[in-house]
Amino acid sequence: MSKSTLLPLLADGEFRSGQELADVLGVSRTAVWKQVNRLAEESGIEIESVKGKGYRIPGGIDLLSADGVLDALAPRPLSLLSRLAVLDSVDSTNAEVLRWAQEGGAPGMVCTAEQQTVGRGRRGRQWVSPYASNLYLSLLWEFSQGAAALEGLSLAVGVAVARALRACGAAAVQLKWPNDVLHDGRKLGGILLEMSGDAAGSCRVVVGVGLNVAMPATAANAIDQAWTDLKTISAGELPGRNRLLAELLNELLPLVADFEQQGFKHWREEWMALDAFDGAPVVLHTGSGELAGIARGVDQRGALQLESTTGVQSVYGGEISLRAAQ
Ligand code: BTN
C-alpha cells in the first residue's frame with residue numbers, strides 16, 4: 001500500500017475507521033495500522049488515531065490534482081501547456097523534466113510532485129522537499145537563439161513567482177539577486193534553471209521553482225538558512241496548492257513563450273521594485289573570492305550593479321551568493 005492509496009482516503013480530515021480503510025484498500029486492519037504509522041513517520045503529517053472512531057488528519061490535507069490545476073488555468077497558459085504530470089514522489093522534478101528533454105519532450109511540459117527525494121537547490125545544495133507540504137514544479141521550454149538570449153530569464157521567473165504569490169494573497173514578497181524569493185528576509189522559495197542542448201543555438205531549459213507552503217517542523221531541521229513558508233506569512237486563508245500551482249503556470253508559461261522576443265528589459269522595472277537589497281551594503285561570494293559594495297539593482301541583462309569605491313561594476317549570475325554586509 002503506498003502513500004498515494006492511503007492519503008487520499010484521509011485527505012478530507014474526517015475520521016475513517018480502520019475497518020473502513022481496510023475494506024477499501026483490501027488489506028487487514030493491522031496492515032492499515034502499520035501503514036498509518038509509517039506514513040506519519042515518513043511524511044511528518046499528523047495522523048490522529050482515536051479508539052472507536054478511527055484515523056484522521058486534523059484539518060485535512062490538500063493533495064495535488066491535475067484537474068484542480070487545469071480548472072484554474074487561464075486560456076493562453078492552457079494553450080501553451082503540453083503535459084502536466086502530477087507525481088507522488090520523484091528524485092527531482094528538474095531531473096525528471098531533463099530526462100523528458102533528452103527523450104525529445106516538447107516545450108510546455110510540466111512536472112510537479114508531492115515529494116522530491118533528492119530536490120536540487122542552487123550551488124549544489126539540497127532543496128528540502130517533504131511530502132504534500134510545499135510546491136515543487138518544473139517546466140520545459142525550448143529557445144532557438146541560444147543561451148545569450150536567455151540572460152535575465154531566471155530573474156524574470158522571480159518576478160513571475162512574485163506575481164503568482166500576489167494573486168494568491170501573499171503580497172509582501174521580495175526578490176534577492178539572482179533568484180531567491182524572500183519574505184521579511186527569510187527564504188520562501190527558490191528558482192533553479194537547468195539547460196540542455198546547444199548554448200549557441202537551440203537549447204532546452206528546465207525552469208524549476210520550489211515554494212515553501214507549510215513546511216513540517218521535522219523537515220525544517222534540515223534547512224541551513226533562514227526560511228519561512230506561506231502558512232507563517234498568510235494572515236488569512238492559506239491558498240490551496242492547486243490554485244497556487246495554477247497561478248504559477250498562468251505566469252510562467254506566457255513568460256517563457258515570450259521571453260526571447262521581450263528580453264529581460266521587459267521585466268527589469270518590476271524586478272527592481274521587488275529588490276530586497278536595493279541600496280544595501282552587500283558581500284558577493286564568488287568561486288574566486290569576495291566582492292563588497294552597495295547593491296544598485298540590475299541592468300537590462302540582469303547583471304547586478306555593484307557600487308564600490310572604484311565605480312559600478314556589473315556582476316553576472318552563476319554560482320554566486322549575495323549576503324548583507326555585517
Ligand atoms: C535554490 O537553491 O534557491 C533553488 C531551489 C529550487 C528548487 C526547485 S523545487 C522544483 C525543482 N526541482 C528541483 O530539484 N529543484 C527545483
Side-chain angles (χ1 to χ4, degrees), residues 64 69 83-102 105 109-141 153-162 164-165 173-183 185-196 204-216 219-220 222-230 241 244-245 247-249 251-253 256 271 274 276-277 284-285 302 304 317-323:
L64 296 174
V69 176
R83 175 182 177 187
L84 174 61
V86 179
L87 307 181
D88 193 50
S89 181
V90 69
D91 51 354
S92 146
T93 55
N94 266 26
E96 177 72 4
V97 173
L98 277 169
R99 288 190 285 268
W100 296 352
Q102 276 147 21
M109 287 185 157
V110 170
C111 177
T112 184
E114 294 288 6
Q115 174 187 44
Q116 298 186 118
T117 54
V118 200
R120 299 179 184 172
R122 283 185 69 233
R123 307 168 72 232
R125 289 166 112 149
Q126 175 207 6
W127 187 255
V128 174
S129 310
Y131 195 83
S133 316
N134 300 322
L135 275 188
Y136 322 113
L137 160 75
S138 300
L139 157 66
L140 179 63
W141 203 259
L153 174 60
S154 72
L155 279 75
V157 170
V159 175
V161 171
L165 286 167
V173 164
Q174 289 190 303
L175 300 175
K176 173 181 154 184
W177 186 89
N179 45 21
D180 284 358
V181 182
L182 302 182
H183 183 274
R186 296 177 164 269
K187 191 149 166 171
L188 177 64
I191 294 157
L192 180 67
L193 266 55
E194 298 190 73
M195 197 174 285
S196 90
R204 284 156 172 239
V205 176
V206 177
V207 175
V209 177
L211 268 185
N212 298 333
V213 179
M215 182 72 80
I223 305 179
D224 59 359
Q225 54 190 320
W227 65 274
T228 189
D229 60 12
L230 283 173
R241 288 188 306 144
L244 258 171
L245 204 48
E247 293 300 350
L248 283 168
L249 292 176
E251 293 294 339
L252 289 171
L253 283 157
V256 290
W271 195 94
L274 292 163
F277 282 80
L284 297 180
H285 297 258
L304 180 77
E319 298 301 285
I320 297 177
S321 83
L322 176 151
R323 309 220 179 112

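Order of appearance sets the numbers: ligands from 1, and atoms from 1 within every ligand.
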Notebook entry, point to check: Do D229 and K187 meet the salt-bridge criterion of a basic N to acidic O distance under 4.0 Å?
Noted result: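 No, no charged N to carboxylate O under 4.0 Å.
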Next item on the list: Could you tell me whether D224 and R125 make a salt bridge, using a distance below 4.0 angstrom between a side-chain N and a carboxylate O?
Entry: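 R125 and D224: salt-bridged.
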Margin query: Could you tell me if Y136 and N94 have a donor-acceptor pair between their side chains, going purely by distance under 3.5 Å?
Written below: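 No - no donor-acceptor pair under 3.5 Å links their side chains.
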Checklist line | Exercise: do S196 and Q102 side chains pair donor with acceptor under 3.5 Å | finding: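 Judged by distance alone, the side chains do not pair up.
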Notebook entry, point to check: In chain order, what residues pass the side chain to side chain contact (heavy atoms under 4.5 Å, CB included) check against Q174, with sequence neighbours excluded?
Noted result: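 Scan of Q174 (side chain to side chain contact (heavy atoms under 4.5 Å, CB included), adjacent residues dropped) gives A276.
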Check: Checking salt bridge (charged side-chain N to carboxylate O under 4.0 Å, His left out) for the pair R204/E194: CA distance, chi angles, key distance, verdict?
Finding: CA-CA 8 Å; R204 284 156 172 239; E194 298 190 73; over 6 Å; no
Ligand 1 polar-atom proximity to protein (N/O, under 3.5 Å):
residue, atom, partner, partner atom, Å
ligand 1, 2 (O), R122, N, 2.7
ligand 1, 3 (O), K187, NZ, 2.6
ligand 1, 12 (N), T93, OG1, 3.1
ligand 1, 12 (N), N94, N, 3.4
ligand 1, 12 (N), Q116, OE1, 2.9
ligand 1, 14 (O), S92, OG, 2.8
ligand 1, 14 (O), Q116, OE1, 3.3
ligand 1, 14 (O), R120, N, 2.7
ligand 1, 15 (N), R120, O, 2.7

